[in-house]
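Only heavy atoms go into these numbers, but all of them, side chains included; no hydrogens, no water, no symmetry mates. On a predicted model such as this, the values are computed, not experimentally measured, just so you know.
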Amino acid sequence: MSTHQIVIIGASFAGLGVAQGLLKNVLPQLSQGGKNKYKVIQIAPNDEFFWKIGAPRVIVNPSSLPLEKALLPIAPHFKGYSPEQYEFIKAYVTSIDPSSKTVHTSTSAAVHYDSLVIASGTTFSTPIWTVSEGTEALKSALSEIHQKLPNAQTILVAGGGAAGVETAGELGELYGKKKEITILSGSTSLLPRLNNKKMGAEAQQRLERMGVKVINDGVKVLEHTKENGKDVLKLSTGETKTVDLYIDATGDKPNSKFIPQEWLDDHNRVKTDPQTLRLDVPGVTGVYCFGSVGSYSDGAVIDIKFAKSAVLESIKLDLQGTAPGPRTKNIYKKITSDMQFVPIGSQGGVGIAFGWKLPSFMVKMAKAKDFMIGQAPKTIEGTA
């Protein structure tokens, strides 16, 4: 029997989700009486999973949510699979050669694929939000913040999206009346991606009650340097501002520099069929994209949760040799209405689901209490 190798690039929410979905559900069905054996090979620079949903509290209040709870080893959750079924390669992917169906890595390993799943996610200008640069960079960056934070008197958060607002809320709850805390939204309001602008206004009111200063005049940080232990920020106004601690929450970029250019759109995201999550490039088959690196995604974890069955179905149909034409079963239907839960401190926040505004206590129950940390191990084992 020949072995069909399914290579997955990335080991975060999307990569781990598709790996466990294949190993638990799809491949056992295909292996029964089939002509092929199947092996999943996962390649990522991180052998630990970071629950980035909880990052704001890990950053600001590690006594409430320590890193040990949010950064978990991956291997124990795959120990039930033999080396013939699953292999993890700790490495960066440096390039993909479609002609030879080979993935090249930062180690000497060049890995052949029969099927390929790109789930490499996104990368940030600072490693406090991600393990895309490996876990040591994350640990080092968090350690520096934790050393500076207790004595920092001036703190600036850049970015008015959910991560920035949640981080400012954590700072406000812990230090709002004791330190000078500022958040630059970089826009005309907080939470600018939401269609319901009242959500941003309410978030601002909650932060201001905590003692956080909110600036919505479109000012952005253009350059960040360090001098004498302080953070020096060059602003878009031409002004230079020096603070004791700077937290960059300005967003992410697709982790796609190793992907063939013809597979990428104008935003360097992977061209992805929005219903089936197959690579949307003529003449290329057996390649899929899952998660925030894909053109179908807004970058939210919810885009992963609701699209998982679609990508698994596509892989299954292709492995069975079923014609990859239109289908109605398990296609991804994107949620276009507002959907966001934004804790502002541990006691509440602002939330909206399917366009309907939610009361603060529901945000507290769903997320603000512990940032859903109990879902972290379940995410690795594929049961979240």
Side-chain angles (χ1 to χ4, degrees), residues 52-67 70 126 128-129 142 144-194 197-217 219-221 230-231 233 241-251 340-352 357-373:
K52 66 178 181 181
I53 290 172
R57 189 157 294 166
V58 174
I59 292 167
V60 176
N61 193 357
S63 61
S64 175
L65 183 52
L67 181 60
T126 170
I128 58 174
W129 306 105
L142 286 174
E144 181 181 352
I145 289 178
H146 293 159
Q147 287 174 9
K148 294 174 71 172
L149 186 54
N151 297 318
Q153 290 303 308
T154 54
I155 305 169
L156 187 139
V157 178
V165 170
E166 290 174 2
T167 303
E170 294 296 305
L171 288 165
E173 183 171 72
L174 212 56
Y175 301 112
K177 307 301 180 182
K178 306 170 189 174
K179 301 176 186 287
E180 180 187 311
I181 304 165
T182 304
I183 178 170
L184 291 181
S185 73
S187 183
T188 55
S189 68
L190 297 176
L191 307 176
R193 287 189 180 182
L194 294 177
K197 299 306 176 185
K198 292 181 181 179
M199 305 300 294
E202 183 181 336
Q204 178 169 341
Q205 291 169 3
R206 288 180 174 273
L207 287 173
E208 288 174 341
R209 286 199 296 268
M210 289 177 161
V212 177
K213 183 180 180 181
V214 180
I215 298 178
N216 286 322
D217 54 9
V219 177
K220 298 182 179 181
V221 176
K230 294 183 180 290
D231 293 296
L233 311 172
K241 186 175 180 66
T242 301
V243 296
D244 295 326
L245 180 62
Y246 170 59
I247 299 176
D248 185 343
T250 53
Q340 203 164 56
F341 287 68
V342 184
I344 301 175
S346 62
Q347 298 305 305
V350 297
I352 190 166
K357 184 179 181 298
L358 302 176
S360 177
F361 78 87
M362 289 187 69
V363 179
K364 175 183 177 180
M365 296 303 295
K367 189 175 178 182
K369 285 200 304 182
D370 62 1
F371 279 86
M372 304 184 291
I373 193 62

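Atom-to-atom distance recorded for D370:CG and I53:CD1 is 11.0 Å, nearest 0.5 angstrom. If you take OH on Y246 and CG on L233, they are separated by 6.0 Å, rounding to the nearest 0.5 Å. L156 CG to D231 CG: the interatomic distance, rounded to the nearest 0.5 Å, is 9.5 Å. Atoms CE and CD, from M199 and Q340 in turn, are 8.0 Å apart once rounded to the nearest 0.5 Å. Between E180 atom CD and Q153 atom CD the span is 9.5 Å, to the nearest 0.5 Å. Atom OG1 of residue T126 and atom CD1 of residue I59 lie 7.5 Å apart, to the nearest 0.5 angstrom.
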Side chain to side chain contact (heavy atoms under 4.5 Å, CB included) between L358 and F341, worked out: CA-CA 9 Å; L358 302 176; F341 287 68; 3.4 Å; yes
Could you walk me through whether V212 and V157 pass the side chain to side chain contact (heavy atoms under 4.5 Å, CB included) check? CA-CA 10 Å; V212 177; V157 178; over 6 Å; no
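When all heavy atoms of Y175 and P150 are compared, the closest pair comes out as OH-CA, 4.3 Å. Closest of all the heavy-atom pairs between T167 and A163 is OG1-O, 2.7 Å. The minimum heavy-atom distance linking K178 with L174 is given by the pair NZ-O, 3.9 Å. Nearest heavy atoms, L65 versus G54: CD2-O, 3.7 Å. Across all non-hydrogen atoms, the minimal contact from L190 to S185 is CD2-CB, 3.8 Å. Taking both residues in full, the closest heavy atoms of V221 and A158 are given as CG2-CB, 4.1 Å, listed atom of the first, atom of the second, then distance.
Side-chain atoms of L149 and I155, non-hydrogen and from C-beta on, do get closer than 4.5 Å to each other. For the pair V165/V350, no side-chain contact is recorded, criterion being any heavy-atom separation below 4.5 Å from C-beta on. Counting heavy atoms from C-beta on, the side chains of E170 and S64 never come closer than 4.5 Å.
Within a 6.0 Å radius of NZ in K220, other residues, nucleotides and ligands contribute 12 heavy atoms or fewer. When the shell of 6.0 Å around NZ of K367 is examined, it contains more than 12 heavy atoms from other residues, nucleotides or ligands. Environment of NZ in K357: crowded, with over 12 heavy atoms of neighbouring residues, nucleotides or ligands closer than 6.0 Å.
In this structure, K369 contributes its side chain and A366 its backbone to no donor-acceptor pair below 3.5 Å. Using a distance-only test at 3.5 Å, with no hydrogens or angles considered, a donor-acceptor pair links the side chain of W129 to the main chain of D248. Listed for the S346 side chain is no donor-acceptor partner under 3.5 Å among the backbone atoms of A368. Within the 3.5 Å criterion, the main-chain N or O of G345 finds no donor-acceptor partner in the side chain of K364. Under the 3.5 Å distance criterion, the side-chain polar atoms of K197 are matched with a main-chain donor or acceptor of P192.
Side-chain contact check for N216 and Q204: at least one donor-acceptor pair (N or O, by modelled atom type) lies under 3.5 Å.
When D244, T242, T154 are each tested for a side chain to side chain donor-acceptor pair (under 3.5 Å) with K230, only one passes: D244. When the options M210, Q205, E166, E173 are evaluated for a side chain to side chain contact (heavy atoms under 4.5 Å, CB included) with I344, the one that passes is M210. Considering I247, N61, L245 in turn, I247 is the only one that fulfils the side chain to side chain contact (heavy atoms under 4.5 Å, CB included) rule with L171.
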